[in-house]
Every structure is written in structure tokens, then in C-alpha cells.
Protein chains: 2
Amino acid sequence: MFKFLQQKVNDTISVSEEEFDYAKTLFLPKKLRKRRFILEEGEPCIYTTFVEKGLLRSYTIDEKGNEHILQFALEGWWSGDLYSFLTGEPSEYNIEALEDSELLLITKESWDQLLREVPAFERYFRILIQNNLIATQRRLMGTFSTTAEERYQKMLKEFPDVIQRVPLHMIASYLGVTRETLSRIRSQIASGS
Amino acid sequence: MFKFLQQKVNDTISVSEEEFDYAKTLFLPKKLRKRRFILEEGEPCIYTTFVEKGLLRSYTIDEKGNEHILQFALEGWWSGDLYSFLTGEPSEYNIEALEDSELLLITKESWDQLLREVPAFERYFRILIQNNLIATQRRLMGTFSTTAEERYQKMLKEFPDVIQRVPLHMIASYLGVTRETLSRIRSQIASGS
DNA sequence: AAATGAATGTGATCTATGTCACAGTTTCTA
DNA sequence: TAGAAACTGTGACATAGATCACATTCATTT
């Protein structure tokens with residue numbers, strides 16, 4: 001059950017068996033069925049989530065009712081609303097399973113404890129967040145400097161598995177365009193260049 | 001000279017005088033005149049920078065020659081290209097002083113050493129990066145869900161000092177619009193609503 | 001197996017923002 | 001202090017992408 005998490009953590013830093021055994025005690029396993037939510041807008045984000053199996057998405061809904069996807073989380077990824085998790089403030093995000101999923105949850109208290117007692121985890125999360133920041137900065141600059149088609153092509157290369165497993169209107173929402181626009185982009189790619 | 005950095009760090013975590021004295025030895029003070037660069041596209045980002053005084057901007061230039069500003073760094077902020085700094089790969093960013101500035105620089109080697117020897121700094125940077133990630137995620141979602149005018153109004157509230165000190169075409173570039181569009185938004189705000 | 005809802009495609013039209021061009025003003029700098 | 005950059009504004013026009021509307025196919029659920 002924790003094999004996958006352990007492997008992921010050890011890809012980044014080195015943690016002894018004892019340290020990891022301790023870490024295990026702080027996580028809560030949970031199964032989440034397709035179309036069920038682990039976080040809904042307005043409630044505080046109690047857990048940070050590691051995805052053992054399945055696929056989550058986190059998204060906001062704007063005043064017009066449009067969804068905007070912040071992140072897809074496949075196996076081996078983390079999910080949650082960092083701000084709400086840290087502050088206890090109500091979240092602006094919804095986190096939904098797009099497939100039947102198996103998750104490992106950790107509360108703020110346990111997380112604080114883990115970082116305090118096992119400094120290697122402080123380092124692990126620093127690196128995790130760092131890589132996330134780098135990727136998010138790139139995505140932001142990409143929305144300024146590239147067309148919707150270029151962003152779609154890039155996503156096809158970088159996350160082919162996400163594209164396979166997720167409906168197109170969600171890909172569109174992740175790219176920051178409407179489903180109609182993505183549909184036209186796709187038919188254009190299919191026909192011509 | 002290090003008073004400001006010390007204060008900033010102590011706002012977040014607590015570091016003893018001894019620890020901070022050690023940290024000081026790892027930073028290199030540098031003055032950078034207006035319009036001079038501390039990083040240019042194509043070269044590796046050798047330093048992460050703390051701004052003691054002045055104002056920096058980091059930006060990329062796309063294929064069409066348009067600039068896109070990732071960040072303004074005022075007094076008390078950090079600047080650099082995280083990816084290039086960590087990997088040694090050539091940077092895609094330029095970092096330029098918009099005013100005569102006083103900086104504290106730290107190399108990757110010294111930074112690694114600092115995080116290794118003073119765990120409080122590992123924590124400090126984790127929190128710093130975490131807050132940066134939260135802000136960047138918000139900015140990204142904002143570009144998807146709000147108009148250029150809304151983003152400008154929000155920036156006026158959040159960073160009035162940046163707006164005061166930076167030319168409008170750079171504000172436009174930060175917001176992801178052209179200078180002409182921002183100019184029209186401003187005259188519209190001035191006249192009507 | 002039927003029925004409901006989710007997902008996708010596509011045409012017609014609209015709009016926010018980009019592009020290009022020129023002019024006036026301010027700020028460096030030699 | 002003169003000349004050159006940098007900065008800002010504004011008009012005319014172009015365009016990527018949004019909106020709205022409808023049809024079809026696919027997947028779930030009872």
C-alpha cells in the first residue's frame with residue numbers, strides 16, 4: 001500500500017526504513033469513487049493527498065460558472081489546496097476523482113509533525129514544491145507567449161497519459177480555452193499540418 | 001547591510017544569531033546599476049538574489065520578440081531562475097535592475113551548504129517557495145478567469161508600489177497584455193467607472 | 001434494454017485584445 | 001544642452017478565441 005509513496009520519496013531524498021515506518025503511521029488510506037469529491041469549494045482543505053492509484057483534478061469555478069482546472073493528479077502525484085491547507089481558510093478549489101482512486105491522506109497536524117520530526121521530509125516537500133513552482137511558472141509564461149494550439153501540442157508530448165484518460169472539455173479547461181476551441185484545434189491538426 | 005535579510009528571515013522562522021552569522025558569510029553583496037543585468041538569457045543562473053534595495057524584473061523574450069515578465073522583485077524579495085540555478089542549465093530568463101539596486105547573492109554551492117548545515121533555512125526556503133507557488137497558481141487561474149482590466153485593478157491594490165515605480169509597458173507585460181491595451185484600459189478607468 | 005446524462009463536433013456570429021502606424025512627451029546620456 | 005532613447009497615447013483595422021445553438025455519439029444507471 002505504501003510501496004509507491006516510499007519509492008517516490010526515495011527517488012528524491014533518502015529516508016531510512018525507520019523514518020518511513022514512522023511516516024506511514026501519519027497517513028490515512030482512502031478510496032474515492034469516480035465523480036466523488038475530496039474537497040469542495042467553501043470548506044477548508046483538511047488533507048494533502050498522495051495519489052496511489054487513479055486520477056484527481058482540482059479546479060475553481062468563476063463568477064460566470066466556468067471551470068478552470070489547476071491540476072490533474074495521476075498516480076504518484078500530490079494534490080490539495082496548499083493555501084487552505086496551511087491557513088485553514090475556506091478553499092476556492094474543488095478536488096474530484098475522475099476515476100476510482102486510492103489515496104493517502106495526511107492532515108496539517110500530522111504533516112507539521114512529520115516535517116518537524118523527520119527533516120528529510122522537510123527537504124522532500126521543499127523539492128516537491130520547488131518543482132511544482134518551476135512547472136507553474138512555465139505554464140504561466142506559456143499562456144502569455146503561445147497559442148492554444150501550441151499549448152495543446154506541448155501537453156500532448158508532456159502528458160500523453162492525461163490526454164488519454166481525461167475528457168476533452170477538461171483538457172480545454174486546463175489549457176485555458178473553451179471546449180469548442182479545442183475541438184476545432186483538434187480537427188485542424190487531424191486534417192492539415 | 002544584512003539587517004533587512006535577517007529581519008525577513010526572522011519574520012518566517014527563528015534563527016539564532018550564530019546561525020545567521022554563519023549565513024552571512026555565504027552571501028556576496030553586489031550593487032547593480034539601473035538597466036544592468038544580473039542574468040542574461042542563455043547563461044546559467046549562478047546566483048539566487050535577495051534585494052536589499054532597488055527593484056529587479058525577470059522576463060523572457062518569445063520568438064516574436066515580445067517580453068513576458070515573470071516577476072518584479074522589490075526590497076525584501078528574492079529573484080533568480082530556480083530551474084537554471086538548480087540544474088546549471090542555460091537560463092531562459094533575463095534579470096535586469098529597473099533602479100540602482102543593492103543585492104545579496106548566494107551561489108548554488110553556498111545555498112546547498114546553508115540548507116544542509118542550518119535546517120532552519122531549509123524550512124525558510126520551503127515556506128518562501130510555498131508562498132510563491134500559491135501566488136503563482138492564483139496568477140495563473142486569474143489569467144484564465146478574469147479580464148485584463150480586472151487583473152490590472154487587482155494589481156493596483158496588491159502592488160501599488162510596483163505600479164508607481166515601473167513603466168506601464170512592463171506592467172502590461174506582467175499582466176499578459178500589450179501596452180496599447182493597458183493604455184486603453186487606463187484611459188477608460190480614468191474617464192468612466 | 002431504455003433512458004438519462006456526459007461528451008464531442010460544427011456552423012454563425014461576436015468581442016476582447018493584438019497589430020500597425022504615427023505623434024507627443026519625458027528622461028537619459030554624450 | 002542637444003540629440004537620442006524610452007515612454008505613453010490613440011486611431012484604424014485584424015484576428016484568435018468566445019458564445020450560442022443544435023446535432024450526434026457514447027457511457028451509466030436502473
Side-chain angles (χ1 to χ4, degrees), chain A residues 33-37 55 57 59 61-69 72 94 96-100 142-153 155-156 162-193, chain B residues 33-37 55 57 59 61-69 72 94 96-100 142-153 155-156 162-193:
Chain A
R33 304 210 45 199
K34 188 170 177 173
R35 270 172 238 276
R36 295 286 159 75
F37 289 77
L55 172 50
R57 67 160 174 156
Y59 66 97
I61 301 178
D62 67 24
E63 314 81 52
K64 290 188 202 156
N66 296 318
E67 294 178 359
H68 303 283
I69 296 182
F72 295 109
N94 302 277
E96 179 194 13
L98 299 182
E99 300 174 359
D100 292 347
T143 65
F144 289 163
S145 60
T146 60
T147 62
E149 173 170 353
E150 289 170 313
R151 276 176 272 148
Y152 178 64
Q153 296 273 21
M155 194 177 173
L156 269 178
V162 173
I163 307 251
Q164 289 305 319
R165 291 161 65 177
V166 165
L168 288 171
H169 71 270
M170 292 188 190
I171 305 292
S173 158
Y174 180 86
L175 293 173
V177 296
T178 57
R179 54 180 201 82
E180 292 94 335
T181 294
L182 181 58
S183 178
R184 281 183 254 267
I185 285 169
R186 280 164 47 86
S187 65
Q188 201 181 315
I189 290 173
S191 72
S193 133
Chain B
R33 305 210 43 200
K34 188 171 177 171
R35 269 172 239 276
R36 295 287 159 75
F37 288 77
L55 172 49
R57 67 161 174 156
Y59 66 97
I61 301 178
D62 67 22
E63 315 80 53
K64 291 188 200 155
N66 297 318
E67 294 178 358
H68 303 283
I69 295 183
F72 295 109
N94 303 277
E96 180 194 12
L98 298 182
E99 301 173 357
D100 292 348
T143 65
F144 288 164
S145 60
T146 60
T147 64
E149 172 168 354
E150 289 169 313
R151 277 176 271 148
Y152 177 65
Q153 297 273 22
M155 193 176 175
L156 270 177
V162 172
I163 307 250
Q164 289 304 320
R165 290 161 66 177
V166 165
L168 288 171
H169 72 270
M170 291 188 191
I171 305 292
S173 158
Y174 180 86
L175 294 173
V177 296
T178 58
R179 54 179 200 82
E180 291 94 335
T181 294
L182 180 58
S183 178
R184 281 184 255 266
I185 286 169
R186 279 164 47 87
S187 65
Q188 201 182 313
I189 290 172
S191 73
S193 134

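Every chain is numbered from 1, with letters handed out A, B, ... down the list of sequences. What's counted below: heavy atoms across the whole structure, side chains too, no hydrogens, waters or symmetry copies.
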So, does B:T178 get its side chain near the phosphate of C:dT17, meaning an N or O under 4.0 Å from OP1 or OP2?
no

Atom CD of A:E149 and atom P of D:dA16 are separated, to the nearest Å, by 11 Å

How many Å lie between CD1 on A:I185 and P on C:dT10, as a whole number?
14 Å

Can you see if the side chain of B:T147 gets near the phosphate of C:dA16 - specifically, an N or O under 4.0 Å from OP1 or OP2?
no

Polar pair under 3.5 Å, donor/acceptor by atom type, side chain B:R184, base D:dG9:
no

Pairwise side-chain contact, A:Y174 with A:M155, heavy-atom cut-off 4.5 Å (strictly under):
yes

Side chain to side chain contact (heavy atoms under 4.5 Å, CB included) between B:N66 and A:F144, worked out
CA-CA 10 Å; B:N66 297 318; A:F144 289 163; over 6 Å; no

Show, in sequence, the C-alpha distance, side-chain angles and deciding distance for B:R57 and B:F72, and conclude whether the side chain to side chain contact (heavy atoms under 4.5 Å, CB included) test is met.
CA-CA 4 Å; B:R57 67 161 174 156; B:F72 295 109; 3.9 Å; yes

Below 4.0 angstrom from OP1 or OP2 of C:dT27, is there any side-chain N or O of B:K34?
no

Is there side-chain contact between B:Y152 and B:I189, with heavy atoms separated by less than 4.5 Å?
yes

Check this one for me: any side-chain N or O of A:K64 less than 4.0 Å away from OP1 or OP2 of D:dT19?
yes

d(CD, B:Q188; C1', D:dG9) in whole Å:
15 Å

Does C:dG18 have OP1 or OP2 under 4.0 Å away from a side-chain N or O of B:T181?
yes

Below 4.5 Å, heavy atoms only, C-beta onward: do B:M170 and B:Y59 meet side chain to side chain?
no

Specify the separation, in whole Å, of atom CG of B:L182 and atom C1' of D:dT10.
14 Å

Expressed as a whole number of angstroms, how long is the span from B:F144:CZ to D:dA18:C1'?
15 Å

Can you check the B:L168 CG to D:dT10 C1' distance for me, whole Å?
15 Å

For B:R33 and for B:R179, find the nucleotide of DNA chain C with the closest heavy atom, then tell me which residue's nucleotide is more 5'.
B:R179

Using a cut-off of less than 4.0 Å, is there contact between a side-chain N or O of B:R186 and OP1 or OP2 of D:dG9?
yes

Proximity to the side chain of A:P167 - top-ranked nucleotide from C:dA21, C:dT8, D:dT19
C:dT8

Compare side-chain N and O positions of A:S183 against OP1 and OP2 of C:dT8 and report whether any pair is under 4.0 Å apart.
no

Given atom CZ of A:R35 and atom P of D:dA27, what is their separation to the nearest angstrom?
12 Å

Interatomic distance where CD belongs to B:E180 and P belongs to C:dG24 [whole Å]:
18 Å

